[in-house]
Amino acid sequence: SDSLTLDKLEVLNNNNAKKVYCDGVIYDCVRDCSEHYNIPYFTFVDWIRGKRRMPQEYKDMNLHYI
């Protein structure tokens, strides 16, 4: 079948993902970083894009896209 399986979608998402820097570590994508800190994915995305005020703790860790 030509339909995209979940595995294929994950590969596509990871290939298009932007790397993220936080506290000296480079993550392959926002999801990996957000899971490490146990913060919802969309919260991290909003912080990085400036749609929500990023807590000082994460500013101090220089959270940003690479």
Side-chain angles (χ1 to χ4, degrees):
S1 127
D2 290 336
S3 65
L4 289 174
T5 64
L6 186 56
D7 289 338
K8 287 180 185 176
L9 283 174
E10 286 178 9
V11 168
L12 287 173
N13 287 339
N14 286 339
N15 286 343
N16 294 326
K18 293 182 182 179
K19 292 188 183 294
V20 174
Y21 175 93
C22 188
D23 201 27
V25 178
I26 297 174
Y27 297 89
D28 286 333
C29 60
V30 175
R31 188 166 308 281
D32 290 348
C33 187
S34 69
E35 287 176 0
H36 175 84
Y37 289 100
N38 201 27
I39 304 281
Y41 167 78
F42 287 108
T43 300
F44 257 63
V45 169
D46 286 350
W47 288 349
I48 294 172
R49 291 181 178 167
K51 292 185 178 184
R52 275 188 174 176
R53 198 169 132 245
M54 186 184 297
Q56 189 61 46
E57 173 186 3
Y58 290 91
K59 288 181 185 178
D60 293 344
M61 291 190 284
N62 199 18
L63 172 63
H64 65 276
Y65 284 126
I66 296 178

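Computed over heavy atoms, backbone and side chain alike; hydrogens, waters and symmetry mates excluded.
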Note to self: Between Y65 and R49, is the side chain to side chain contact (heavy atoms under 4.5 Å, CB included) condition met? List the steps.
What the structure shows: CA-CA 9 Å; Y65 284 126; R49 291 181 178 167; 4.2 Å; yes
Next item on the list: Identify the two heavy atoms, one from K59 and one from M54, that lie closest to each other, and give their separation to 0.1 Å.
Entry: CE-O, 3.2 Å
Next item on the list: Give the intermediate values and the outcome of side chain to side chain contact (heavy atoms under 4.5 Å, CB included) for residues V20 and F44.
Entry: CA-CA 10 Å; V20 174; F44 257 63; 5.5 Å; no
Item checked: Nearest-0.5 Å distance, CH2 of residue W47 to CZ of residue R52 -> 8.0 Å
Checklist line | Point-to-point distance, once rounded to the nearest 0.5 Å, from SG of C22 to CD1 of I48 | finding: 8.0 Å
Check: Where do I26 and Y21 come nearest, in terms of heavy atoms and distance?
Finding: CG1-CD1, 4.1 Å
Next item on the list: Show the numbers, then the answer: is there a side chain to side chain contact (heavy atoms under 4.5 Å, CB included) between M61 and Y37?
Entry: CA-CA 12 Å; M61 291 190 284; Y37 289 100; 3.9 Å; yes
Next item on the list: Over 60° means perpendicular and under 30° means parallel, so classify the ring planes of H36 and Y27, tilted if in between.
Entry: tilted
Margin query: If I take atom SG from residue C29 and atom NZ from residue K19, how far apart are they, to the nearest 0.5 angstrom?
Written below: 9.0 Å
